[in-house]
Amino acid sequence: MVVAGASLGGLRAAEQLRSAGWTEEIVVVGDELHMPYNRPPLSKEVLAGKAPFESLAFRPRACAADVVWRLGTAVVSADLGARVVTLDDGGQLAFDGLVVATGMRPRRLRCPGPEGPGSGRCTVRTLADAEGLRAELTRPGARVVVVGAGFIGCEVAATARGLGVAEVTVVDPEPLPMLRPLGELLASALLERHRARGVRFALGQSVAGFEGEDRVSGVVLSDGTVLPADVVVEAVGSIANTEWLDGNGLDLSDGVLCDEQLRAEGLPHVVAVGDVARFPNARYDGVPRRVEHWSIPGDTAKHAARTLVAGLLGTPVETPPFAPLPSFWSDQYEYRLQSFGAPALGTADARVLDGDPAGDLLVGYHVQDRLVGVVALGGPAAAGAARYRARLMASPAGAA
């Protein structure tokens, strides 16, 4: 087996392949030099200087002790018909089965102005990114502009304020932060919490360019306003790392299109896991989607490993269609957002289940009167979200 990608999805895939009965060699290839590590703390604890790398690293399970790790090496192309991948050092690896676990990379703004190392324009995806951004945020008097009011952008803004950064401004074309995944009710509550901590917002605005020669000194908005900036954090989404699969007839328009068993285009010897996989979730509907939640690498790896081993051994795939219950959390200041299910599908019908917007808040999301997700904001309300998990798990697949 070759597992392309050495993050959490790659690690869990290797472990699950062993659990599924694969006894032959497993090689995991990854472009970072580090063993797999936990990424959510990068925009929070690592950025705040509270979590060393040792606390982030995952320890492989005993069943995967014999897995071969090829780190600091990227897969650059694949011939799925010949069953071979080519690495960036020119080497090749033949395989019986392939796990695509190459994940995502940050989307970058394409605007006039300085760019590249030392320009003050940063992203948060890897440990090196977080360490570099921390050095920027701790410069005396740093003025920070965060472009993008999604989860990463809002977490970075909160962490920057916690580090004592006086001027933090968040820019986003939407009218509210995190509007698409959470809906207006929760997005409005979060906006007020950030404003109360001194974060400024330029909403309904996009970035037209950057001022400065070698380094950013200002951010030019679509209405002509210029925001002074020493540091710019680009949190404008992600791009799937799938270019290495070009030329194999796969649908790579948004990650790797998979069937209900996580096979890439139905191929018995290729599966995809983690946030690079675009799959239909039988719990909701037949629309293939990528899901960038922490729970997904483990969920997809377990299902895909069984599918792949069965396909290679020529045995029937006896597992039902993949139907995970996604979950995520986000820590901002002393508040925790905790979600179960697929709230983004039900933002048009979001209802308060407990609490109120000024305090702890529990919101339910519905599609045709069926509860499809819950999100809690705060302390006691977060415990309430966990109580709804069993109800969401029991909800009949395909009812929405």
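Of the candidates L186, L179, V199, L176, L176 is the only one forming a side chain to side chain contact (heavy atoms under 4.5 Å, CB included) with L191. Just one of V2, V3, L262 meets the side chain to side chain contact (heavy atoms under 4.5 Å, CB included) condition when paired with V99; it is V3.
For the 3.5 Å distance criterion, the side chains of T159 and R134 fail to qualify, holding no donor opposite an acceptor. Under 3.5 Å, the side chains of Q205 and D172 contain no donor-acceptor pair of N or O atoms. When only modelled atom types and interatomic distance are considered, T169 and E167 share no side-chain donor-acceptor pair under 3.5 Å. Side-chain atoms of T86 and Q92 form a donor-acceptor pair, as typed in the model, at a separation below 3.5 Å. At a cut-off of 3.5 Å, with distance as the only test, a side-chain donor of T102 or W244 sits close to an acceptor on the other residue. Donor-acceptor pairing under 3.5 Å is recorded for the side chains of S7 and R39.
A salt bridge is defined here as a Lys NZ or Arg NE, NH1 or NH2 lying under 4.0 Å from an Asp or Glu carboxylate O, and D331 with K44 fails to meet this definition. Salt-bridge formation is detected for the pair D230/R143: a Lys NZ or Arg NE/NH1/NH2 atom is positioned less than 4.0 Å from an Asp or Glu carboxylate oxygen.
Side chain of R121 to backbone of L109: a donor-acceptor contact under 3.5 angstrom is found. Side chain of S222 to backbone of S206: a donor-acceptor contact under 3.5 angstrom is found. Within the 3.5 Å criterion, the main-chain N or O of D96 finds a donor-acceptor partner in the side chain of R83. Formation of a donor-acceptor pair under 3.5 Å by the S295 side chain with backbone atoms of P326 is not found in this model. When atom types are taken as modelled, the side chain of K50 and the backbone of V46 share no donor-acceptor pair closer than 3.5 angstrom. Judged by distance alone, with hydrogens and angles left aside, the side-chain atoms of E260 form no donor-acceptor pair with the main-chain N or O of A282 at under 3.5 Å. With hydrogens and angles ignored, the 3.5 Å screen pairs no side-chain donor or acceptor of H303 with any backbone N or O of A323. Here the side chain of E15 pairs a donor or acceptor atom with the backbone of R61 at under 3.5 angstrom. Put simply, the side chain of D299 never gets that close to the backbone of A301: no donor and acceptor are under 3.5 Å apart. Within the 3.5 Å criterion, the main-chain N or O of L56 finds no donor-acceptor partner in the side chain of N38.
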**Prompt:** Taking it one step at a time, do S327 and R389 satisfy side-chain hydrogen bond (donor to acceptor under 3.5 Å, both in side chains)?
**Reply:** CA-CA 9 Å; S327 65; R389 184 177 185 275; over 6 Å; no
**Request:** Using the salt bridge (Lys or Arg N to Asp or Glu O under 4.0 Å) rule, take R139 and E136 through it: C-alpha gap first, then chi angles, then the decisive distance, then the call.
**Result:** CA-CA 6 Å; R139 295 172 56 185; E136 294 281 3; 3.1 Å; yes
**Request:** Please report the C-alpha distance between E32 and R70 in whole Å, then the side-chain angles of each, then the deciding distance to 0.1 Å, and finally whether the salt bridge (Lys or Arg N to Asp or Glu O under 4.0 Å) criterion is met.
**Result:** CA-CA 10 Å; E32 285 193 76; R70 295 280 298 269; over 6 Å; no
**Request:** Just do the side chain to side chain contact (heavy atoms under 4.5 Å, CB included) check on D31 and T73 with the steps written out, would you?
**Result:** CA-CA 4 Å; D31 58 355; T73 303; over 6 Å; no
**Asked** Could you walk me through whether F322 and F279 pass the ring-ring contact (aromatic ring centres under 6.0 Å, His included) check?
**Response** CA-CA 8 Å; F322 189 48; F279 57 88; 5.1 Å; yes
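More than 12 heavy atoms of other shown residues, nucleotides or ligands fall within 6.0 angstrom of atom CZ in R351. Other residues, nucleotides and ligands contribute over 12 non-hydrogen atoms within 6.0 Å of the CZ atom of R215.
Listed here is the closest heavy atom pair of V276 and A101: CG1-CA, 4.4 Å. Residues G341 and Y284 approach most closely at CA-OH, 3.4 Å, considering heavy atoms. Heavy-atom minimum distance, A78 versus N248: O-ND2, 3.0 Å. Of all the heavy atoms in M104 and R125, the pair that sits closest is O-NE, 3.3 Å.
Remark: aromatic rings of F151 and F328 are close, center separation under 6.0 Å. Between Y37 and F53, the distance from one ring center to the other falls under 6.0 angstrom.
Residues L87 and L93 have side chains in contact (heavy-atom distance under 4.5 Å, counting atoms from C-beta outward). Looking only at side-chain heavy atoms (C-beta outward), V374 and R391 stay at 4.5 Å or farther from each other. A heavy-atom distance below 4.5 Å is found between the side chains of V375 and L182.
In this structure, R193 forms a cation-pi arrangement with Y335, its terminal cationic atom sitting closer than 6.0 Å to the ring centre and no more than 45° off the ring axis. Judged by a 6.0 Å distance limit and a 45° cone about the ring axis, R197 is positioned over the six-membered ring of Y333. Because its NZ or CZ atom is both nearer than 6.0 Å to the ring centre of F58 and within 45° of the ring axis, R12 counts as a cation-pi partner of that residue.
Cluster annotation: F95 and L11 are assigned to distinct hydrophobic clusters (Ile/Leu/Val/Met/Phe/Trp/Tyr, side-chain heavy-atom contacts under 4.5 Å, transitive). Connection of L312 to V28 is established within a shared hydrophobic cluster, with ILVMFWY side chains joined at heavy-atom distances below 4.5 Å, either directly or through further cluster members. Under the 4.5 Å side-chain heavy-atom criterion for ILVMFWY residues, a single connected hydrophobic cluster contains both V170 and L337. In the hydrophobic clustering of ILVMFWY residues, with side-chain heavy atoms under 4.5 Å counting as a link, L71 and V76 come out apart. Residues L17 and V317 are members of separate hydrophobic clusters, defined by side-chain heavy-atom contacts under 4.5 angstrom among Ile, Leu, Val, Met, Phe, Trp and Tyr.
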